[in-house]
Amino acid sequence: MAQRSEHDGRRKTDIKGPLVISVVLAVVAFVVVSTVAAGGTDNAARVGLGLIAAGIAFIASVVVCATLMLLEKPNAEELGQGTGVNRSSAKIFAESKARREAERARSAAAGGAAKEKTSGEPEFGQRVRPDTTGEEPGSSAR
C-alpha cells in the first residue's frame with residue numbers, strides 16, 4: 001500500500017498513496033451522494049450533503065489505511081526467539097522436570113534414602129512454629 005524507503009537506517013513511510021486513495025474515495029462519495037440525494041440528474045445537486053459524505057469517506061479511508069500501515073510493521077527478530085511470552089510451555093515444563101530429576105539424583109547420591117531439608121521451610125504436615133511440645137498430630141489441646 002505505502003512505499004517505504006531507507007533513510008538513516010530507519011524506514012520512512014510514504015503517505016502519498018493512502019492520501020490519493022482517500023481523495024478518490026471522497027470524490028466518488030461526493031458525486032454519488034450529491035446526485036442520489038437530489039433525486040437524479042434533473043434536479044439541482046445537494047452539495048452540502050455531498051460534502052458531508054465526502055468528508056466521512058475521506059476520514060474513514062485515511063484511518064483504515066493508517067491502521068493497515070501500522071499492522072504491516074514487522075516484529076523485531078528477538079521476539080521470535082522463544083523468550084518471554086513466546087516461550088513454549090512444553091519447553092519450560094521439560095526444563096523444570098530435568099532440574100527436579102537432577103536434584104533427586106544428587107540427593108539420592110549424597111544421602112541415600114535420607115531426606116535433606118535444603119530450604120528452611122517446613123514440610124507438609126509440620127508446624128511453622130512448634131510452640132507446644134508433647135502434642136500428638138491431629139489432637140487439639142485447649
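For the single chain, residues carry numbers from 1 onward in sequence order. Only heavy atoms go into these numbers, but all of them, side chains included; no hydrogens, no water, no symmetry mates.
- Hydrophobic side-chain contacts under 4.5 Å tie L49 into a cluster, directly or through other members, with V33.
- Annotation for M69 and I15: closest pair CE-CG2, 4.3 Å, computed over non-hydrogen atoms.
- Applying the side chain to side chain contact (heavy atoms under 4.5 Å, CB included) test to K97 and every residue at least two apart in sequence or in another chain returns F93, R100, E101.
- V32 and L51 are members of different hydrophobic clusters when ILVMFWY side chains are connected at heavy-atom separations under 4.5 Å.
- In terms of heavy atoms, A29 sits closest to A53 at CB-O, 4.0 Å.
- Sorted by first and then second residue, the side-chain hydrogen bond (donor to acceptor under 3.5 Å, both in side chains) pairs involving residues 31-59 (not counting sequence neighbours) form an empty list.
- Between L25 and F58, the closest side-chain pair of non-hydrogen atoms is not below 4.5 Å.
- The shortest heavy-atom contact between A45 and A38 is CA-CB, 4.0 Å.
- Between atom OG of residue S61 and atom CD1 of residue I56 there is a gap of 11.5 Å, rounded to the nearest 0.5 Å.
- Follow the hydrophobic side-chain contacts under 4.5 Å out from I52 and you never reach V27; the two are in separate clusters.
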